[in-house]
Amino acid sequence: MDVARDLDGALASLAAVPGADVLNGGTDLMVEINFGRKRPTAVIAIDRVAELRELSKNGTVRVGAGVTFTMLLERDHGSSALREAARTVGSPQIRNAATIGGNVATSSPAGDALPVLAALDAMVHLRSSRGGRVVPFRAFMTGPKKNVRAADELVTAIEWNDAGPAQVFMKVGTRNAMVIAVAGLALVADRVRGRIGVGLGSCGPTILRAPLAEAFAAGLFDEAGWRPFAPSTGACAEFGALIATAARPIDDVRGTAAYRRHVLAVMGARALARVAPIERTA
Ligand SMILES: Cc1cc2nc3c(=O)[nH]c(=O)nc-3n(C[C@H](O)[C@H](O)[C@H](O)COP(=O)(O)OP(=O)(O)OC[C@H]3O[C@@H](n4cnc5c(N)ncnc54)[C@H](O)[C@@H]3O)c2cc1C
């Protein structure tokens with residue numbers, strides 16, 4: 001195992017052995033190894049790379065790939081939805097090790113940070129010894145545990161425009177803690193840019209957006225002049241129903257497609273009722 005001390009060192013190691021497995025927090029990789037689904041011939045540990053642990057907020061928010069979910073609970077990144085998502089990840093021990101970069105690189109449809117990143121229209125920063133590129137999150141994930149990262153690339157950071165406080169993340173599971181989402185939903189209402197973002201998790205092969213629901217909600221926010229308002233019960237229900245139609249769920253051990261659509265409609269209605277009245281401060 002190669003232990004990288006800085007980003008250049010990590011990129012050089014990855015260039016020397018493209019396809020080597022990257023060890024960040026190890027909470028996904030070690031499970032793959034323990035179950036015999038992966039037998040890495042080379043592992044490059046990046047958990048000591050300080051550059052990957054940086055977090056900054058100055059109009060845009062930039063979170064290094066090595067930032068853990070515990071850090072996302074403790075540090076100011078301006079995304080209450082991401083904080084709510086971080087709170088639901090695993091246990092305190094898992095949150096101390098598991099990183100946002102690992103969540104993005106694993107690209108599970110059940111990754112809890114991912115609906116939030118979709119709703120925020122986040123960008124994924126990738127670097128290799130050949131150079132860097134920035135990929136919108138909506139184009140990054142291509143299928144269950146599949147993405148456009150090349151074998152010699154590292155996810156270095158995730159970036160988004162600070163969207164203000166009107167945002168929420170909700171997750172339904174078979175119990176309250178240590179649970180893989182049956183369905184997850186993030187809603188972001190960016191009052192400054194006049195933008196609504198919805199991200200759906202565990203409801204399709206990738207994280208999905210809900211364009212019809214987003215347009216419907218944008219109409220309601222337009223009507224209110226993007227000021228805080230109390231949406232009617234009917235409007236919330238319609239928003240939830242539009243979200244359910246955007247899903248492409250399957251029946252699996254965690255739940256049926258019909259149940260997933262139902263909980264998405266319920267979460268969607270509640271999310272709009274929670275987010276629309278939130279005032280933008282500062
Ligand atoms: C008990 C348990 C409970 C869990 N609960 C949840 C949960 O509630 N919600 C949830 O979303 N997830 C959960 N997970 C999954 C896991 O914790 C997350 O997906 C986590 O974000 C992975 O991050 P990591 O740093 O541990 O990744 P690692 O295991 O280090 O890496 C995961 C994969 O991504 C690659 N990788 C990591 N970082 C990079 C990088 N910077 N660039 C390129 N490739 C990289 C690795 O090579 C590996 O293939 C759980 C896992 C366990 C074991």
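Atoms within each ligand, like the ligands themselves, are counted from 1 in listed order. What you see is a predicted model; the values in this text were computed from it and never measured.
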Please tabulate, one pair per line, all N/O donor-acceptor pairs under 3.5 Å involving side-chain atoms of residues 106-114, not counting sequence neighbours.
from: T106; atom 1: OG1; to: D28; atom 2: OD2; distance (Å): 2.8
from: T106; atom 1: OG1; to: G102; atom 2: O; distance (Å): 3.0
from: S107; atom 1: OG; to: V104; atom 2: O; distance (Å): 2.7
from: S107; atom 1: OG; to: N147; atom 2: ND2; distance (Å): 3.0
from: S108; atom 1: OG; to: A110; atom 2: N; distance (Å): 2.9
from: D112; atom 1: OD2; to: T88; atom 2: OG1; distance (Å): 3.4
from: D112; atom 1: OD2; to: K171; atom 2: NZ; distance (Å): 2.6

Which donor-acceptor pairs under 3.5 Å do the side chains of residues 5-17 make with protein atoms, sequence neighbours left out?
from: D6; atom 1: OD1; to: G9; atom 2: N; distance (Å): 2.7
from: S13; atom 1: OG; to: D2; atom 2: OD2; distance (Å): 2.6
from: S13; atom 1: OG; to: G9; atom 2: O; distance (Å): 3.0

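Side-chain N or O atoms of R191 include one that pairs as donor or acceptor with a backbone N or O of I278 at under 3.5 Å. Counting only distance, with no hydrogens or angles, the side chain of D76 and the backbone of G78 share a donor-acceptor pair below 3.5 Å.
The closest side-chain heavy-atom distance from V89 to I94 is below 4.5 Å.
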One line per pair, note the atom names and distance for all nitrogen or oxygen contacts under 3.5 Å between ligand 1 and the protein.
from: ligand 1; atom 1: 5 (N); to: G90; atom 2: N; distance (Å): 3.4
from: ligand 1; atom 1: 8 (O); to: T88; atom 2: O; distance (Å): 3.4
from: ligand 1; atom 1: 8 (O); to: G90; atom 2: N; distance (Å): 3.0
from: ligand 1; atom 1: 8 (O); to: D112; atom 2: OD2; distance (Å): 3.4
from: ligand 1; atom 1: 8 (O); to: K171; atom 2: NZ; distance (Å): 3.4
from: ligand 1; atom 1: 9 (N); to: D112; atom 2: OD2; distance (Å): 2.7
from: ligand 1; atom 1: 11 (O); to: N103; atom 2: ND2; distance (Å): 3.1
from: ligand 1; atom 1: 11 (O); to: D112; atom 2: N; distance (Å): 2.8
from: ligand 1; atom 1: 17 (O); to: T27; atom 2: OG1; distance (Å): 2.7
from: ligand 1; atom 1: 19 (O); to: D28; atom 2: OD2; distance (Å): 2.6
from: ligand 1; atom 1: 19 (O); to: N103; atom 2: ND2; distance (Å): 3.0
from: ligand 1; atom 1: 21 (O); to: T99; atom 2: O; distance (Å): 2.8
from: ligand 1; atom 1: 21 (O); to: N103; atom 2: N; distance (Å): 3.2
from: ligand 1; atom 1: 21 (O); to: N103; atom 2: ND2; distance (Å): 3.1
from: ligand 1; atom 1: 23 (O); to: T99; atom 2: N; distance (Å): 3.3
from: ligand 1; atom 1: 23 (O); to: T99; atom 2: O; distance (Å): 3.4
from: ligand 1; atom 1: 25 (O); to: G25; atom 2: N; distance (Å): 2.7
from: ligand 1; atom 1: 25 (O); to: T99; atom 2: N; distance (Å): 3.1
from: ligand 1; atom 1: 25 (O); to: T99; atom 2: OG1; distance (Å): 2.6
from: ligand 1; atom 1: 26 (O); to: G26; atom 2: N; distance (Å): 3.1
from: ligand 1; atom 1: 26 (O); to: T27; atom 2: N; distance (Å): 2.8
from: ligand 1; atom 1: 26 (O); to: T27; atom 2: OG1; distance (Å): 2.5
from: ligand 1; atom 1: 29 (O); to: G26; atom 2: N; distance (Å): 3.4
from: ligand 1; atom 1: 29 (O); to: T27; atom 2: N; distance (Å): 3.2
from: ligand 1; atom 1: 29 (O); to: D28; atom 2: N; distance (Å): 2.8
from: ligand 1; atom 1: 29 (O); to: L29; atom 2: N; distance (Å): 2.7
from: ligand 1; atom 1: 30 (O); to: N24; atom 2: N; distance (Å): 2.7
from: ligand 1; atom 1: 30 (O); to: G25; atom 2: N; distance (Å): 3.2
from: ligand 1; atom 1: 30 (O); to: G26; atom 2: N; distance (Å): 2.8
from: ligand 1; atom 1: 38 (N); to: N24; atom 2: ND2; distance (Å): 3.1
from: ligand 1; atom 1: 41 (N); to: V155; atom 2: O; distance (Å): 2.9
from: ligand 1; atom 1: 42 (N); to: V155; atom 2: N; distance (Å): 2.8
from: ligand 1; atom 1: 47 (O); to: V22; atom 2: N; distance (Å): 3.1
from: ligand 1; atom 1: 47 (O); to: V22; atom 2: O; distance (Å): 2.7
from: ligand 1; atom 1: 49 (O); to: K38; atom 2: NZ; distance (Å): 3.4

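F229 pairs by the ring pair (Phe, Tyr, Trp, His ring centres under 6.0 Å) definition with F221, not counting sequence neighbours.
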